[in-house]
Structure formats: structure tokens, C-alpha cells
Amino acid sequence: MLRLGVNIDHVATLRQARGGREPDPVWAAAAAELAGASGITIHLREDRRHIQDRDLRVLRETVRTRLNLELALDPGIVALAAQVQPDQATFVPERREELTTEGGLDAVANADRLAEAIAQCKAAGIEVALFIDPELAQVDAAVKLKADAVEFHTGRYADAQGKHAVERELKALIEASRAAVAAGLELHAGHGLNYQNVGPIAAIPHMEELNIGHAIVSRAVFVGIGQAVREMLEAMQAAVR
Ligand code: PXP
């Protein structure tokens with residue numbers, strides 16, 4: 001069954017705007033799980049812009065589904081991940097600015113450093129995913145690195161303007177997904193997905209996990225997290241029916 005991982009980073013962004021304790025991403029995680037989320041995703045950035053080390057530690061204790069930690073190839077954060085042991089670690093590009101649409105992790109160019117970090121995570125019993133662009137060379141690198149999963153970056157699809165551009169990006173995602181599944185990798189996708197564009201991605205054969213944050217947190221401001229999660233689950237389920 002297709003899983004929804006709710007990324008709660010931007011609940012922490014709101015908290016950090018005042019540097020206090022509210023709103024607590026730990027509460028957001030519990031509300032998302034109660035509404036049917038299959039997992040909670042957080043990105044502990046090197047600059048600690050939103051999620052803090054305390055959030056990772058507390059969520060490790062409280063999350064009842066799956067905790068997916070997005071992390072850069074930073075030795076300190078990899079060591080922290082190995083210690084705290086989220087269920088899954090998803091490697092993302094270093095110094096990725098949230099406000100820009102950048103590509104996925106270059107698993108080809110970073111193969112040596114990734115091999116070391118992946119080994120460290122696996123030794124700690126953590127499943128490993130690589131957040132990559134939908135390109136065959138990147139899929140091959142993920143296979144060689146013995147990642148458990150790939151998360152395809154859907155940013156280019158989400159940003160595409162016009163029917164042809166959207167179809168072109170969707171085709172790239174479908175083809176890369178086919179290659180990943182054939183190679184035995186678990187299939188995930190995320191970035192820029194929302195209530196309008198999630199359907200075709202949810203419908204990609206063998207898709208197992210979508211990680212969605214900004215759209216859900218944005219809607220939650222108006223309807224609450226539970227309702228925002230349920231509506232996203234409905235949009236996903238309508239596409240796979
Ligand atoms: N997947 C990964 C690897 C991410 O880094 C992020 C956050 O940027 C997301 C999914 C969620 O993206 P969004 O907030 O656009 O839904």
C-alpha cells in the first residue's frame with residue numbers, strides 16, 4: 001500500500017520564527033499519525049533552520065509509524081542519525097536552499113562519501129533512501145551503493161508549466177521508476193507535490209512512499225493537520241483506485 005510520509009519541517013519553521021516552543025512539531029506528528037499518515041519525515045539541516053536535534057530525539061520516542069530522517073552528507077549528522085536510529089535515512093543534497101528548486105543528490109559524484117555514510121546507517125539498522133533526480137545514471141549509482149530505496153525528486157514535474165512540459169517530466173519519472181523497481185529498489189517520490197498534482201505520481205506502478213510537507217502544512221493552517229492529511233490521503237487513494 002502506498003504510504004504517505006508527512007514532512008513537518010514547516011511546523012518547526014513557524015516555531016523558529018519566534019524562537020519559542022510553539023507550534024511543536026511533535027504535536028503535529030501525532031496529529032498526522034492519528035489522521036492516517038504512514039510516516040513522519042523531518043530534515044535536520046546543517047543550519048538547524050527548522051528541525052532541531054531535540055525534535056529528532058523526541059520524535060524517535062513518540063512516532064508510532066515510521067520516522068524518516070532527511071540528512072545531508074555531513075559526518076556529524078550521519079553520526080547523530082546512527083545514534084538516534086530513525087527507521088529510515090534519506091540522503092539529500094548538501095546546502096540545499098529551500099527557496100530554490102535544486103536537483104537531487106548526485107549519487108555518482110558523491111559515491112565514495114555516500115558508501116561510507118550508507119554503511120554507517122545500515123550498521124545502525126537504518127533503511128537508506130537516496131533523493132535523486134529521475135535519471136538512469138543516478139539509479140545505477142543507487143543500485144551500486146546498495147541503497148534500499150530511491151526517492152525521486154518531483155520538483156521539475158511540480159514546476160513544469162504547460163501540458164507538454166508536465167508530460168515530459170512525468171515520463172522521465174515513470175521511466176526512472178521502472179528502472180529502479182527492476183533493479184530491486186523501493187520506490188519513493190517527493191518535493192513540490194500538492195493536492196492538484198499528486199495523482200499521476202501516486203499512480204506510478206510500484207510507488208510505495210510519497211513525502212509531502214509544504215502543501216499539507218499550508219492547508220493545515222486553514223483546516224487543521226488532521227483534515228489536511230486526510231484530504232491528501234484521499235487524493236492519493238483516488239489515483240490508485
Ligand atoms: N522529500 C525530500 C527529500 C525533501 O527534502 C522534501 C522537503 O524539501 C520533501 C520531500 C517535501 O517537499 P515539500 O515540502 O515540497 O512537499
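For this chain, numbers begin at 1 and follow the sequence in order. Scope of the values below: all heavy atoms of this structure, side chains included, with no hydrogens, waters or symmetry mates.
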Tell me whether [X] shares a hydrophobic cluster with [Y], the cluster being built from Ile, Leu, Val, Met, Phe, Trp, Tyr side chains joined at under 4.5 Å.
X    : Y    : result
V58  : L44  : yes
V63  : V84  : yes
V139 : L145 : yes
I204 : V181 : yes
V198 : Y157 : yes

Between [Y] and [X], is there a side-chain donor-acceptor contact under 3.5 Å, judged purely by atom types and distance?
X    : Y    : result
N68  : T41  : yes
R66  : Q88  : yes
Q120 : E116 : no

Please check: side-chain N/O of [X] versus main-chain N/O of [Y], any donor-acceptor pairing under 3.5 Å?
X    : Y    : value
Y195 : A228 : yes
Q237 : A235 : no
Q52  : R48  : yes
N110 : A107 : no
K122 : K146 : yes
D148 : V128 : yes
D74  : I77  : yes

Name the atoms and distances for all side-chain donor-acceptor pairs under 3.5 Å in residues 169-178, with sequence neighbours left out.
unit_1: E169; atom_1: OE1; unit_2: R156; atom_2: NE; d: 3.4
unit_1: S177; atom_1: OG; unit_2: L173; atom_2: O; d: 2.6

Exercise. What class does the angle between the rings of F131 and H191 fall in, given that below 30° is parallel, 30 to 60° is tilted and above 60° is perpendicular?
Worked result: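 Ring orientation, 0 to 90° scale: tilted.
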
Any [X] side-chain heavy atom under 4.5 Å of [Y] side chain:
X    : Y    : value
R57  : E61  : no
D9   : V11  : no
R45  : I51  : no
E151 : I132 : no
R49  : Q16  : no
R60  : D87  : yes
E22  : R15  : no
L56  : L80  : yes

For [X] versus [Y], what's the shortest heavy-atom pair and its separation?
X    : Y    : answer
A179 : L136 : CB-CD2, 3.6 Å
P134 : F152 : CA-CD2, 3.5 Å
A37  : V229 : N-CG1, 4.0 Å
A72  : V78  : O-CG2, 4.0 Å
A215 : I212 : CB-CG2, 4.4 Å

Please table the atom pairs, donor to acceptor, closer than 3.5 Å between any side-chain atom in residues 23-35 and protein atoms at least two apart or in another chain.
unit_1: D24; atom_1: OD1; unit_2: V26; atom_2: N; d: 2.8
unit_1: D24; atom_1: OD1; unit_2: R54; atom_2: NH1; d: 3.1
unit_1: D24; atom_1: OD2; unit_2: R54; atom_2: NH2; d: 2.9
unit_1: E33; atom_1: OE1; unit_2: R64; atom_2: N; d: 3.4
unit_1: E33; atom_1: OE2; unit_2: R64; atom_2: N; d: 2.8
unit_1: E33; atom_1: OE2; unit_2: T65; atom_2: N; d: 2.7
unit_1: E33; atom_1: OE2; unit_2: T65; atom_2: OG1; d: 2.7

Problem set entry | Sole candidate of V150, L130, V143, D106 that passes side chain to side chain contact (heavy atoms under 4.5 Å, CB included) when paired with Q138 | D106

Exercise. How would you list, by chain and number, every residue that makes a salt bridge (Lys or Arg N to Asp or Glu O under 4.0 Å) with D133, sequence neighbours excluded?
Worked result: none

For this session: Go through the structure and list residues passing salt bridge (Lys or Arg N to Asp or Glu O under 4.0 Å) with E167, not counting sequence neighbours.
Result: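 E167 satisfies salt bridge (Lys or Arg N to Asp or Glu O under 4.0 Å) with K163 only.
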
Problem set entry | Side-chain cluster (under 4.5 Å, hydrophobic types only) that F222 belongs to, other residues |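 Once heavy-atom contacts under 4.5 Å are chained together, F222 belongs with V221, V223.
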
For this session: Not counting sequence neighbours, which residues clear ring-ring contact (aromatic ring centres under 6.0 Å, His included) with H206? List them please.
Result: none

Exercise. Roughly how far, to the nearest 0.5 Å, is the CD1 atom of I8 from the CG atom of L14?
Worked result: 13.0 Å

For this session: Before accepting this row, confirm whether a basic side-chain N of the pair E231/R219 lies closer than 4.0 Å to the acidic partner's carboxylate O.
Result: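 Looking at R219 together with E231, the answer is yes, because their closest N to O distance falls below 4.0 Å.
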
